[in-house]
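These notes are about the structure you will find just below.
All values derive from a computational prediction rather than experimental measurement. Just so it is clear: chains get the letters A, B, ... in the order the sequence lines come, proteins before strands, and each one is counted from 1.
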2 protein chains.
Amino acid sequence: MTSIDERIRDTGLRVTRQRVLVYDALAALGGHRTADELVSALDASGTALPRATVYNVLDDLSTVGLVMQADRGPGAAVYEAANGWHHHFVCRVCGAVEDVPCVIGSKPCIDTDVPGAVIDEAQIIFRGVCASCRTAD
Amino acid sequence: MTSIDERIRDTGLRVTRQRVLVYDALAALGGHRTADELVSALDASGTALPRATVYNVLDDLSTVGLVMQADRGPGAAVYEAANGWHHHFVCRVCGAVEDVPCVIGSKPCIDTDVPGAVIDEAQIIFRGVCASCRTAD
DNA sequence: ACCGTTCCTTGGACGCAGTCTAAACACAGC
DNA sequence: GCTGTGTTTAGACTGCGTCCAAGGAACGGT
């Protein structure tokens, strides 16, 4: 597994301390995280970064594909360390997000016809009630 | 076509001037609109309503299915007058939202397996560049 | 190792989306 | 009409994300 430093360099972006820190924090926490969760985590680990920087980094890293922005509908955006194309299940009750494997595995996994437009991605959001919210109702 | 008054009454909700106004404004504008666009439209037509009311009404009407909340990712939520189950194409450049017919036509149109969870809806977001942004680049 | 250019980071202020609260109001059944 | 309950309202408030301009750091060339 190539180090994150190299993976950032390979995209043409500069390797900065901040980018590595944010990526590491996201990978260490795992799952789907908001920008503010990352700010807190970095804060707690003694390597605090300003909010604006975390937003910048997440933006940059997701443009080059090292980080994915998980669609969840309106509200705070959630990010995850890139790990292949997949979809998401969102709980209507608690808002939890779970990965759902993509049957096809590459983009765009579904096709449709919008006249004149170029489609490069089809993101599916499954909505319902998750296991723990069902038992807890 | 039953009047909107009756359609609201049929859901068990009370028929109020505000609900009718908001629904009419949304239907008249057509397409996908943010809450604030509706506030402005109502304002312009001489029947101004407070923001909080528009939010309340949109919330109520979308819970009972008379209005649909179109998934578009993070950012302002957009609503449309309900017109059958369908998906959305979102332009990466201008953010425009277009309807995409659902191949199946009823929910959930795609199925998957999330252990323990109940899935009642699968919303697909197609992303790419729309016709006018492609010619304008 | 140094330099210069270009890219990146930073902090603070700002703007927009949406929620909350408590009091006034109005719909709908009697 | 009267009454009870669901709804509206204004305004303040929270949270997410962006913008700006100045300082700082990465990296290719020498």
Side-chain angles (χ1 to χ4, degrees), chain A residues 3-26 32-43 47-64 66-67 69-79 92 95 97, chain B residues 3-26 32-43 47-64 66-67 69-79 92 95 97:
Chain A
S3 79
I4 182 59
D5 290 50
E6 286 175 53
R7 295 175 65 200
I8 294 176
R9 196 185 322 276
D10 288 349
T11 67
L13 289 178
R14 288 190 182 169
V15 181
T16 67
R17 191 179 66 92
Q18 293 82 349
R19 285 175 176 162
V20 175
L21 281 173
V22 169
Y23 182 90
D24 282 349
L26 184 56
H32 308 81
R33 306 295 174 173
T34 64
D36 277 337
E37 281 180 301
L38 292 175
V39 171
S40 308
L42 289 164
D43 213 353
T47 51
L49 291 179
R51 258 160 31 90
T53 298
V54 174
Y55 277 103
N56 281 341
V57 170
L58 287 173
D59 221 46
D60 295 341
L61 295 187
S62 68
T63 323
V64 300
L66 288 177
V67 159
Q69 196 168 355
D71 272 314
R72 187 179 67 155
V78 291
Y79 301 85
R92 283 185 196 286
V97 181
Chain B
S3 79
I4 183 59
D5 290 50
E6 289 175 51
R7 294 175 66 199
I8 294 176
R9 197 186 321 275
D10 287 349
T11 67
L13 257 44
R14 287 191 183 167
V15 181
T16 66
R17 190 179 65 93
Q18 293 83 349
R19 285 175 177 162
V20 175
L21 280 173
V22 169
Y23 182 90
D24 282 349
L26 184 56
H32 309 79
R33 306 294 174 173
T34 65
D36 277 336
E37 280 179 303
L38 292 176
V39 171
S40 309
L42 289 163
D43 213 354
T47 52
L49 292 179
R51 261 160 32 89
T53 298
V54 173
Y55 277 103
N56 281 340
V57 169
L58 287 173
D59 221 46
D60 295 342
L61 294 187
S62 68
T63 324
V64 301
L66 288 177
V67 159
Q69 196 169 353
D71 272 314
R72 191 180 62 156
V78 291
Y79 301 85
R92 284 185 195 286
V97 181

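Residue-to-nucleotide contacts include no donor-acceptor pair under 3.5 Å from the side chain of Arg14(A) to the base of dC8(C). At a cut-off of 3.5 angstrom, the base of dG11(C) holds no donor-acceptor pair with the side chain of Arg51(A).
Rounded to whole angstrom, the span from the CG atom of Leu61(B) across to the C1' atom of dT7(D) amounts to 12 Å. In this structure, CG of Leu49(B) is placed 9 Å from P of dA10(D), rounded to the nearest angstrom. Nucleotide dA17(C) holds its C1' atom 13 Å from the CG atom of Asp59(B), rounded to whole Å. A straight line from OH of Tyr23(A) to C1' of dC8(C) spans 20 Å, rounded to a whole angstrom. Across the protein-nucleic acid pair, Leu58(A) atom CG and dC16(D) atom C1' stand 13 Å apart, rounded to whole Å. Between Asp60(B) atom CG and dG6(D) atom P there is a gap of 12 Å when expressed in whole angstrom units.
At least one side-chain nitrogen or oxygen of Gln18(B) sits closer than 4.0 Å to the OP1 or OP2 atom of dT9(D). Regarding contacts with the backbone of dC8(C), every side-chain N or O of Thr16(A) stays at 4.0 angstrom or more from both OP1 and OP2. Phosphate proximity of dT7(D) to Arg19(B): present, with a side-chain N or O under 4.0 Å from OP1 or OP2. Arg17(B) has no side-chain polar atom (N or O) that falls below the 4.0 Å cut-off from OP1 or OP2 of dT7(D).
Mapping Pro50(A) and Ala76(B) onto DNA chain C via the closest heavy atom, the residue that lands nearer the 5' end is Pro50(A). Mapping Gln69(B) and Gly12(A) onto DNA chain C by nearest heavy atom places Gly12(A) closer to the 5' end of the strand.
Counting any heavy atom pair closer than 4.0 Å across all strands shown, Asp36(B) reaches sugar-phosphate atoms only and no base atom.
Distance from the side chain of Val57(A) is smallest for dT9(C) among the nucleotides dT9(C), dT19(C), dT8(D). Closest approach to the Leu13(B) side chain among dT7(D), dC20(C), dG12(C) is made by dT7(D) (side chain taken as heavy atoms from C-beta onward).
The side-chain heavy atoms of Leu49(A) and Arg17(A), taken from C-beta on, include a pair separated by under 4.5 Å.
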